[in-house]
Amino acid sequence: NAPAAMQSYAAALRINENWPGLRYVFACAAFLAGSLEEAERAARRVINETPNAAAWDILACVLRGQNRAQESLSAAD
């Protein structure tokens, strides 16, 4: 249940926004729940704070879901 997971991760982020990996799983849950703008913001924040391949991958998926193909390809590269 992606919407419920998204809400749970958002609540956890309000308690501790510096919990390693939490913002990434929030981005994934937001993507699966169809909250693409929130997923994009979260993925970009992960990339800014602790860049890693998984964060770039979820950002590429989110951008593709927003029909932003060129940006998606750039993020995936």
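Quick note: residue numbers are just sequence positions, from 1. For the numbers below, each heavy atom of this structure counts, side chains included, while hydrogens, waters and symmetry mates do not.
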S.K.: Apply the hydrophobic cluster definition, ILVMFWY joined by side-chain contacts under 4.5 Å directly or through others, and give me every member besides Tyr24.
M.R.: Met6, Tyr9, Leu13, Trp19, Leu22, Val25, Phe26, Phe31, Leu32, Leu36, Val46, Ile58, Val62

S.K.: Do the side chain of Ser72 and the main chain of Arg68 share a donor and acceptor less than 3.5 angstrom apart?
M.R.: no

S.K.: Which heavy atom of Ala55 sits nearest a heavy atom of Ala43, and at what distance?
M.R.: O-CB, 4.2 Å

S.K.: Rounded at 0.5 Å granularity, tell me how far OG in Ser74 sits from CG in Leu63.
M.R.: 9.0 Å

S.K.: Please go through Leu73's hydrophobic cluster and name the other residues, only I, L, V, M, F, W, Y counting, with side-chain heavy atoms under 4.5 Å joining them.
M.R.: none

S.K.: Please name the pair of heavy atoms, one in Ala39 and one in Ala27, separated by the smallest distance, quoted to 0.1 Å.
M.R.: CB-O, 3.5 Å

S.K.: Kindly write out the residues that satisfy side chain to side chain contact (heavy atoms under 4.5 Å, CB included) with Asn67, not counting sequence neighbours, or none if the list is empty.
M.R.: none

S.K.: Considering only residues two or more places apart or on different chains, which pairs with a residue in residues 5-15 satisfy salt bridge (Lys or Arg N to Asp or Glu O under 4.0 Å)?
M.R.: none

S.K.: Please examine the side chains of Glu71 and Gln66, heavy atoms only from C-beta on, and report whether any two atoms are closer than 4.5 Å.
M.R.: no

S.K.: How would you list all residue pairs meeting side chain to side chain donor-acceptor pair (under 3.5 Å) that involve residues 42-58, not counting sequence neighbours?
M.R.: Glu17-Arg45, Glu40-Arg44, Arg45-Glu49

